[in-house]
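If you're wondering where the values come from, they're calculated on a predicted model, not measured in any experiment. The first residue in the sequence is number 1, and the count goes up from there. Whatever order the structure lists them in is the order used to number ligands and atoms, beginning at 1.
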Amino acid sequence: MQWQGQALTPLNPDTAFNGYICANVVHALAQLGVFQHLTAERTLDVPSFCATNTLDTAVFRALVRAAGSFGYLDVHGDRVQATALSEDVARALGFFTWGVGGYHDIFANAAPVARGDRRFRVDLERDEAMVALGSAQADTALMRHILDEEIAGIDFRTLVDLGAGVSERISRLVKDRPGSRGIGIDISRPATVLAHETVARHGLSGTVQPVCADVLDILFKDHQVDGGDEADVVMSFMFLHDLLADPGRREEVIPRLRKSFPEARVFLLADTTIRPRTEGEDSRLPVFSSGFELAHALMGVPIHTREEYERLFERGGMHLRRTVPFGAPYTYLFVLEAS
Ligand SMILES: C[S@@+](CC[C@H](N)C(=O)[O-])C[C@H]1O[C@@H](n2cnc3c(N)ncnc32)[C@H](O)[C@@H]1O
């Protein structure tokens with residue numbers, strides 16, 4: 001099986017507790033640039049790394065020591081090197097940014113949420129910028145080559161990305177296609193601020209336009225985004241379930257997408273689905289699925305199976321050209337034509 005993971009269940013309490021601490025340590029080291037440094041330099045000297053990055057040496061030493069005990073770093077005094085695991089984790093960093101950086105408050109408040117004492121979006125938030133950053137990291141490490149292959153055969157001049165996060169993906173695709181332009185739409189202000197930085201970094205200011213807007217307003221309240229009516233390809237990644245969250249409007253989302261982007265011939269819609277459970281299930285779990293499913297339950301956002309998505313597209317009048325496994329566990333890219 002393509003997404004067979006390596007986490008042996010049942011997770012005994014020792015593994016579970018250490019996994020929790022380890023995930024926080026990995027996220028901290030990633031934020032501090034340790035993995036990037038080791039990829040470039042092979043070795044890290046603790047005092048000089050702390051001096052260069054203005055870090056508290058005692059705290060940094062404790063983080064490095066913890067990472068050493070989890071097998072993520074090879075630590076000899078002040079000299080730190082990568083291990084085989086640190087190379088594996090570099091590919092999976094997006095999941096840590098997403099889970100620890102983006103959803104720590106949601107997971108930590110599971111009991112108050114279960115009691116009804118706290119509610120997502122009322123007095124409980126995720127860190128939207130971290131969620132968007134984690135998705136961008138996962139894209140770079142696991143998904144971009146699959147999308148590149150798919151989009152190579154598609155003609156476009158105006159590309160729209162819905163729930164675009166930091167607009168990394170749309171910037172890259174537009175840069176690779178001279179003469180094209182892009183619009184990256186996201187509801188989050190912090191993500192849109194980061195998106196402007198992404199666009200400037202790629203030298204695409206004026207060619208890719210980050211827009212802070214609610215896609216539901218575009219679909220259901222006729223909110224217009226400049227240039228949106230010219231889109232010939234519409235994409236959305238890891239965002240479709242947000243659009244489908246309200247069961248009362250769910251069936252309308254696909255027809256409204258077609259109506260709001262009347263020139264679009266191709267829709268590239270990717271999302272993570274519910275991990276199928278089978279009888280006599282294998283006792284190993286992959287990264288991400290358990291967190292994705294629990295986080296959305298705590299936020300009250302329904303998620304869907306692959307088959308549910310495929311039926312929804314068909315009922316909404318789109319033709320499914322193909323369903324492509326998309327890097328992260330139980331995540332698919334649906335290649336659709338407006339029929
Ligand atoms: C999981 S992130 C995915 C980001 C990006 N598509 C990627 O794959 O890297 C989902 C994004 O959807 C955005 N979002 C959620 N609800 C939205 C809405 N109603 N309208 C626009 N964006 C929304 C969030 O702010 C977040 O950036």
Side-chain angles (χ1 to χ4, degrees), residues 93-99 101-103 106 120-121 125-144 146-148 150-151 159-173 182-199 208-221 223-225 228 233-246 249-250 252-253 256-257 260-261 267-273 288-289 291-293 295-296 299-304 326-334:
L93 278 185
F95 299 123
F96 292 83
T97 307
W98 176 91
Y103 282 94
I106 306 280
F120 179 59
R121 293 243 193 266
E125 293 297 333
R126 58 185 173 185
D127 184 327
E128 300 281 2
M130 279 287 166
V131 171
L133 180 62
S135 297
Q137 290 171 329
D139 174 57
T140 306
L142 304 168
M143 300 163 179
R144 69 192 288 173
I146 304 170
L147 179 62
D148 286 353
E150 210 49 56
I151 211 155
L159 196 55
V160 166
D161 192 3
L162 306 175
V166 297
S167 281
E168 182 65 45
R169 189 182 275 110
I170 192 162
S171 297
R172 183 170 57 76
L173 295 176
I183 305 169
I185 303 172
D186 202 283
I187 199 171
S188 155
R189 286 202 180 278
T192 309
V193 169
L194 289 175
H196 280 284
E197 291 172 19
T198 310
V199 167
V208 172
Q209 188 58 46
V211 174
C212 189
D214 185 340
V215 172
L216 288 168
D217 288 347
I218 298 172
L219 302 190
F220 290 97
K221 295 187 184 161
H223 176 77
Q224 307 273 337
V225 167
V233 174
V234 173
M235 328 184 284
S236 108
F237 298 90
M238 317 311 147
F239 167 57
L240 199 51
H241 57 278
D242 287 314
L243 285 185
L244 301 175
D246 176 356
R249 299 202 283 203
R250 191 169 298 149
E252 269 303 295
V253 166
R256 296 260 179 169
L257 267 178
S260 302
F261 300 100
F267 290 79
L268 298 169
L269 308 181
D271 211 344
T272 300
T273 62
F288 190 46
S289 288
F292 178 78
E293 293 179 9
H296 287 85
M299 293 185 292
V301 176
I303 50 173
H304 309 277
F326 200 47
Y330 303 103
T331 302
Y332 297 98
L333 174 64
F334 301 101

**Q** Identify, chain by chain and in numerical order, each protein residue with a heavy atom under 4.0 Å from an atom of ligand 1.
**A** Glu128, Val131, Ala132, Ser135, Ala136, Gly163, Ala164, Gly165, Arg169, Asp186, Ile187, Ser188, Ala213, Asp214, Val215, Phe237, Met238, Phe239, Asp242
**Q** Under a 4.0 Å N-O cut-off, is there an ion pair linking Glu128 with Arg121?
**A** yes
**Q** Is it true that Arg144 and Asp139 have a side-chain N and a carboxylate O under 4.0 angstrom from each other?
**A** no
**Q** Side chains of His296 and His241: donor-acceptor distance under 3.5 Å anywhere?
**A**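 A pair is found: one side chain offers a donor N or O, the other an acceptor, under 3.5 Å apart.
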**Q** Looking at residues at least two apart in the chain, or sitting in another chain, which of them share a ring-ring contact (aromatic ring centres under 6.0 Å, His included) with Phe334?
**A** Tyr309, Phe313
**Q** Flag this pair as yes if the NZ/CZ of Arg249 is under 6.0 angstrom from the six-membered ring centre of Phe220 and inside a 45 degree cone about the axis; otherwise no.
**A**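 Yes, a cation-pi geometry holds between Arg249 and Phe220.
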**Q** Under 6.0 Å between ring centres: does that hold for Phe288 and Phe95?
**A**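 Yes, the ring centres sit under 6.0 Å apart.
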